[in-house]
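Okay, structure first, notes after.
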Amino acid sequence: MNLILKNIIFIKFIFLHFFKQKDFLKYFFFIYTVYFLGYFALMINNINYSDDYYRSATGQFDFFLFSRYMSEYLSKFIYLSEHRNVLASPLTHLLSIGLLSIGSMVLVKVILKKYSKLGLIASVILGLSPYFLENMSYKFDSIFMTIALVAPIFSFLFLRRKLAFIFVSILCMQLTLTTYQAGNSAFLMLSLFAVLDGILAGRKPSQTLKLIGVLIFSYVCAFLIYRFFVMQTVDNYTSNEIFSLGQAYEGIKGNLERVYEYYRFTFRKTVFVSIFIAGVLMFFLAAVKTAKINKILAAIFTICFIVLGLLLSYGAYLILVKQLFFSRMFMGAGVFLAIIFIFSLKFEVKFLSFLPKFVACILAYSLIVQSYAYANAMKEQAQYARYRVELALQDFNKIVPAGEKFGFNSIFGADLRSPAAVTAAKTFPIIAQSDIFNINWLYWAYDLHKWHEVWAPGLCMQEGKKEVKRIQTPLHTLIRYDNNCVSIIFTPLQG
């Protein structure tokens, strides 16, 4: 009983101390300002992204489908509405930036054991990671995705007491798994660092093994609780089915190959390659130089951390049979890189002590530039797609039969890429990996779902239909069939 009480007091003390410590507000507002500047263009451009069209048009929450119960309940709390979603941006972005600021402060505290403005600058890749740009693109979901990312990070403030850490980390992981499951990778990244940090500090092997045991127990226990008491089975365009033992090797190997290809496509021929190489090199040298163990062993363990960090940055999704590889799922990459760049500030060599500081500032600047390019590409693409769709809808209204049931099909999957957005994607490939070129969601923006059939089997899926009318322009072709199906065929961008 005394042990439980001591851990409760410890949890309370650490929690309150974190927010009440000296200069907390100074550092919080500093990093909040950096993130605010980073997402300024995204907020003022005010563009709906993907599910935003659907949620704003229907007001539905629809988080229960993927067992994201906390997202459902928190939506009702944030939007002050029990029955429908309310579009209240940029409120969710402002709240998300606040949580990202907390996450950065925790990372710096855990890694450097103290706050510093340079440490916070180095940490911004946590929330301005090329992959997290997609998470922040959502007006409705961004706050829950940010909670999922920051919750596991926050639990590492309590690592000094193992029982307290187990309790807090399991609670934080439940919060992650019931808001946006991809955040689980954040726990893995910090677990790897905690083990490396302990080894470099010269802790006994028995202490390291005990720490590994605590970390594995917390992670596995959190997933078992979620699996057997929370999660509902999903099997549609994605699934939560995991590989069997017989499938595991080939399945995980295949997923790792796809993760590697995703990383390669994102960063190839970009300035980030040079920055990341510099960061990893300084991280390695800082780890070896500050290690209190044999330098060769320190080098080996540091290399192991880097390799395992890259392999596990996709988190538990690696064991899923059917999944979708979207940028928003790569939260672990931002945490891994934030650890690298924060710790690299410990690299202190005569005449070169300025280098990690310089690289951290260049990194932050590059991420802000990429964020602005991404946000402006979103705006250009949305405006261009709306222009093309609205032109087509003018002819669509001329060709559809008044007062009769009708269907249409070709607005889905159309190639309506804005020239400006395509050009931006050549410099920052993450733009091409986002969902901004998918115009499917405009279907909700124009409220067309109320008046037509779109899902098979529908009118346009019927065989033997005959063309009865055609409208053809340089930008699109509309064909009406005798069963009231209307095909809209957009002319692709040339070049």
Side-chain angles (χ1 to χ4, degrees), residues 66-67 129-131 148-149 152 169-170 173-174 176-177 180-196 199 205 208-268 276 280 284 297 299-337 339-340 433:
F66 294 101
S67 305
S129 155
Y131 300 111
L149 171 66
S169 62
I170 289 175
M173 280 293 291
Q174 292 309 307
T176 290
L177 296 173
Y180 197 70
Q181 292 85 355
N184 80 85
S185 55
F187 186 94
L188 291 177
M189 297 301 99
L190 272 171
S191 294
L192 290 173
F193 175 76
V195 173
L196 175 66
I199 292 173
T208 300
L209 289 174
K210 184 178 179 180
L211 174 61
I212 293 172
V214 167
L215 294 168
I216 292 175
F217 176 82
S218 299
Y219 188 73
V220 172
C221 188
F223 265 98
L224 290 176
I225 292 172
Y226 175 73
R227 170 64 181 84
F228 291 106
F229 299 101
V230 180
M231 186 185 82
Q232 59 176 320
T233 302
V234 174
D235 189 12
N236 41 57
Y237 65 88
T238 186
S239 169
N240 48 24
E241 178 188 359
I242 65 173
F243 293 115
S244 65
L245 287 177
Q247 300 172 313
Y249 175 76
E250 289 298 327
I252 294 173
K253 179 174 173 287
N255 283 341
L256 282 171
E257 289 172 352
R258 293 181 68 182
V259 169
Y260 166 75
E261 283 301 317
Y262 210 90
Y263 286 151
R264 188 183 68 84
F265 182 85
T266 303
F267 297 116
R268 63 179 182 179
F276 291 164
V280 170
F284 175 81
L297 286 177
I300 293 172
F301 284 118
T302 303
I303 291 171
C304 288
F305 166 81
I306 294 169
V307 172
L308 287 175
L310 289 171
L311 292 175
L312 298 178
S313 59
Y314 196 56
Y317 280 6
L318 287 172
I319 65 173
L320 293 182
V321 174
K322 183 170 65 174
Q323 55 182 296
L324 302 173
F325 286 85
F326 289 133
S327 299
R328 58 184 177 270
M329 299 175 178
F330 288 80
M331 293 184 178
V335 180
F336 173 74
L337 290 169
I339 292 170
I340 292 289
Q433 288 177 307

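- Contact of the L177 side chain with the I225 side chain is not registered, since no non-hydrogen atoms from C-beta on lie closer than 4.5 Å.
- Legend: ring-ring contact (aromatic ring centres under 6.0 Å, His included) pairs involving residues 303-322, not counting sequence neighbours, sorted by first then second residue: F283-F305, F305-F336, Y314-Y317, Y314-F325, Y314-F330.
- To the nearest 0.5 Å, atom CG of residue L224 and atom CD1 of residue I170 are 9.5 Å apart.
- Applying the side-chain hydrogen bond (donor to acceptor under 3.5 Å, both in side chains) test to Q174 and every residue at least two apart in sequence or in another chain returns nothing.
- Judged purely by atom type and a 3.5 angstrom limit, Q181 has no side-chain atom pairing as donor or acceptor with the backbone of A316.
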Give every donor-acceptor pair under 3.5 Å between a side-chain atom in residues 187-196 and any protein atom, sequence neighbours left out.
residue : atom : partner : partner atom : Å
S191    : OG   : F187    : O            : 2.7

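- Scanning both residues, S185 and M331, for their nearest heavy atoms gives OG-C, 3.9 Å.
- Taking C304 as the reference, I300 meet the side-chain contact (heavy atoms from CB on, under 4.5 Å) condition, with sequence neighbours excluded.
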Practice item. Give the intermediate values and the outcome of side-chain hydrogen bond (donor to acceptor under 3.5 Å, both in side chains) for residues S169 and Y219. Key: CA-CA 8 Å; S169 62; Y219 188 73; over 6 Å; no
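- Among residues two or more places apart in sequence or in another chain, the ring pair (Phe, Tyr, Trp, His ring centres under 6.0 Å) test is passed with F243 by none.
- Here S313 pairs with Y263 under the side-chain hydrogen bond (donor to acceptor under 3.5 Å, both in side chains) rule; sequence neighbours left out.
- Here E261 pairs with R264 under the salt bridge (charged side-chain N to carboxylate O under 4.0 Å, His left out) rule; sequence neighbours left out.
- In this structure, NZ on K210 lies 13.5 Å from CZ on F217, to the nearest 0.5 angstrom.
- For the residue pair Q247 and V321, the shortest heavy atom distance occurs at OE1-CG2, 4.5 Å.
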Exercise for review: For the pair L149 and V335, evaluate side chain to side chain contact (heavy atoms under 4.5 Å, CB included) and give the outcome as yes or no after the intermediate values.
Suggested key: CA-CA 9 Å; L149 171 66; V335 180; 3.7 Å; yes
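- Expressed to the nearest 0.5 Å, how far CZ of F326 lies from CD of Q433 amounts to 11.0 Å.
- Counting only heavy atoms from C-beta outward, the side chains of L320 and I242 approach each other to under 4.5 Å.
- Residues meeting the side-chain contact (heavy atoms from CB on, under 4.5 Å) test with L209, sequence neighbours left out: none.
- Residue-environment remark: OH (Y260) stays at or below the threshold of 12 foreign heavy atoms within 6.0 Å.
- Contacts of T233 classified as side-chain hydrogen bond (donor to acceptor under 3.5 Å, both in side chains), with partners at least two apart in sequence or in another chain: none.
- Applying the side-chain hydrogen bond (donor to acceptor under 3.5 Å, both in side chains) criterion to E257, with sequence neighbours excluded, gives K253.
- For the pair Y131/M329, no side-chain contact is recorded, criterion being any heavy-atom separation below 4.5 Å from C-beta on.
- Between G334 and S129 the shortest heavy-atom distance is CA-CB, 3.9 Å.
- Heavy atoms only, all atoms of each residue included: T176 and N184 are closest at CG2-N, 3.6 Å.
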**Study point:** side chain to side chain contact (heavy atoms under 4.5 Å, CB included) between L297 and I199, intermediate numbers included
**Key:** CA-CA 9 Å; L297 286 177; I199 292 173; over 6 Å; no
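- Not counting sequence neighbours, Y226 has no partner by the ring pair (Phe, Tyr, Trp, His ring centres under 6.0 Å) test.
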